[in-house]
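Note that the structure is a prediction, hence the values are computed from the model and not measured.
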Amino acid sequence: MDKKILVVDDEPLILKTIERALEKRGYAVHTVSDAESFMQALREVDPDLLIMDVNLGHRNSGSLVDEIQAARPSVKMLFISGGTPEMAPWNFLEKPFKIEELRKKVREILDEP
């Protein structure tokens, strides 16, 4: 499979849970906990999918979308949050989510069986 996934969330437990759940399915998972580290990792990792918390401390992931699309126009995105944001055109999972929901959504986004 070897699809690369970059995850950014400011909650360490969420990062570890997502990392373990997706690595068990054969994905290469890279995690970061803030927007600044995320932009650097985006350039270095060249991910197939981004999983991003909507609220990253003082930065909102919506404000990063233009930067992301400029740096990696073909990357797919999945947003996660404890509340439903106004990001209707984007893939979204509301926290708390079940591990199987996450895995299913990732497979759908990456067009995998």
Side-chain angles (χ1 to χ4, degrees):
M1 189 174 298
D2 292 320
K3 295 279 186 171
K4 293 183 279 185
I5 300 174
L6 177 57
V7 184
V8 60
D9 196 303
D10 55 4
E11 297 178 50
L13 182 58
I14 297 288
L15 284 176
K16 188 49 88 178
T17 300
I18 292 172
E19 181 179 35
R20 286 183 180 156
L22 296 178
E23 283 181 342
K24 285 184 179 180
R25 292 296 185 258
Y27 297 104
V29 181
H30 304 270
T31 62
V32 294
S33 59
D34 59 65
E36 291 71 31
S37 299
F38 170 71
M39 290 310 294
Q40 172 141 358
L42 180 63
R43 289 185 289 276
E44 294 172 0
V45 173
D46 191 20
D48 299 290
L49 173 65
L50 305 177
I51 299 177
M52 303 177 59
D53 188 4
V54 171
N55 296 306
L56 299 170
H58 66 284
R59 293 262 332 241
N60 177 298
S61 62
S63 70
L64 293 173
V65 171
D66 288 339
E67 290 178 57
I68 293 165
Q69 290 179 329
R72 296 280 184 254
S74 64
V75 73
K76 297 176 181 183
M77 293 182 250
L78 170 61
F79 293 92
I80 57 176
S81 179
T84 305
E86 296 180 19
M87 303 186 93
W90 302 102
N91 292 306
F92 178 75
L93 272 180
E94 186 171 356
K95 294 179 192 175
F97 46 80
K98 292 182 170 61
I99 296 301
E100 277 310 312
E101 287 179 292
L102 171 68
R103 289 174 175 159
K104 180 178 183 233
K105 192 74 164 171
V106 167
R107 282 191 310 270
E108 288 172 4
I109 292 168
L110 294 174
D111 298 319
E112 296 179 347

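Nearest heavy-atom pair across Val54 and Ser81 is CG2-CB, 3.7 Å. Here the shortest heavy-atom pairing between Asp10 and Asp53 reads OD1-OD2, 3.5 Å. A pairwise comparison of heavy atoms in Val106 and Leu78 identifies CG2-CD2, 4.4 Å as the closest pair.
With sequence neighbours excluded, no residue satisfies side-chain hydrogen bond (donor to acceptor under 3.5 Å, both in side chains) with Lys105. Applying the side chain to side chain contact (heavy atoms under 4.5 Å, CB included) criterion to Glu19, with sequence neighbours excluded, gives Lys16, Glu23, Val29, Thr31. In terms of the side-chain hydrogen bond (donor to acceptor under 3.5 Å, both in side chains) criterion, residue partners of Arg103 (sequence neighbours excluded) are, by chain and number, Glu100. For Lys24, the side-chain hydrogen bond (donor to acceptor under 3.5 Å, both in side chains) criterion is met by no residue, not counting sequence neighbours. Taking the salt bridge (Lys or Arg N to Asp or Glu O under 4.0 Å) definition, one finds that Glu108 meets it with Lys104, sequence neighbours left out. For Glu44, the side chain to side chain contact (heavy atoms under 4.5 Å, CB included) criterion is met by Gln40, not counting sequence neighbours. The side-chain hydrogen bond (donor to acceptor under 3.5 Å, both in side chains) test applied to Glu11 returns Lys95, not counting sequence neighbours. In this view, Asp34 satisfies the salt bridge (Lys or Arg N to Asp or Glu O under 4.0 Å) rule with no residue, not counting sequence neighbours.
Note: Asp48 CG to Asp2 CG = 9.5 Å, rounded to the nearest 0.5 Å. Annotation: the span from Phe38 atom CZ to Arg43 atom CZ amounts to 10.0 Å, rounded to 0.5 Å. Here CE of Met52 is found 10.0 Å from CG of Asp9. Values are rounded to the nearest 0.5 Å.
Neither Leu15 nor Val45 shares a network with the other; the hydrophobic side chains, linked directly or stepwise wherever heavy atoms of I, L, V, M, F, W or Y lie under 4.5 Å apart, form separate groups for each. Under the 4.5 Å side-chain heavy-atom criterion for grouping Ile, Leu, Val, Met, Phe, Trp and Tyr, Phe92 is connected to Ile68 within one hydrophobic cluster. Both Phe97 and Tyr27 are assigned to one and the same hydrophobic cluster, defined by single-linkage of ILVMFWY side chains at heavy-atom distances under 4.5 Å.
Proximity of Met77 to Leu64: side-chain heavy atoms (C-beta onward) are nowhere separated by under 4.5 Å.
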Show, in sequence, the C-alpha distance, side-chain angles and deciding distance for Arg72 and Leu6, and conclude whether the side chain to side chain contact (heavy atoms under 4.5 Å, CB included) test is met. CA-CA 12 Å; Arg72 296 280 184 254; Leu6 177 57; over 6 Å; no
Evaluate the side chain to side chain contact (heavy atoms under 4.5 Å, CB included) criterion for residues Leu42 and Glu67: first the C-alpha distance (whole Å), next the side-chain angles of each, then the deciding distance (0.1 Å), finally the verdict. CA-CA 10 Å; Leu42 180 63; Glu67 290 178 57; over 6 Å; no
Going through the distances and angles, do Thr17 and Leu102 end up as a side chain to side chain contact (heavy atoms under 4.5 Å, CB included)? CA-CA 11 Å; Thr17 300; Leu102 171 68; over 6 Å; no
Test log, rule side chain to side chain contact (heavy atoms under 4.5 Å, CB included), inputs Ile18 and Ile51: CA-CA 9 Å; Ile18 292 172; Ile51 299 177; 4.3 Å; yes
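In this structure, Lys3 contributes its side chain and Leu49 its backbone to no donor-acceptor pair below 3.5 Å.
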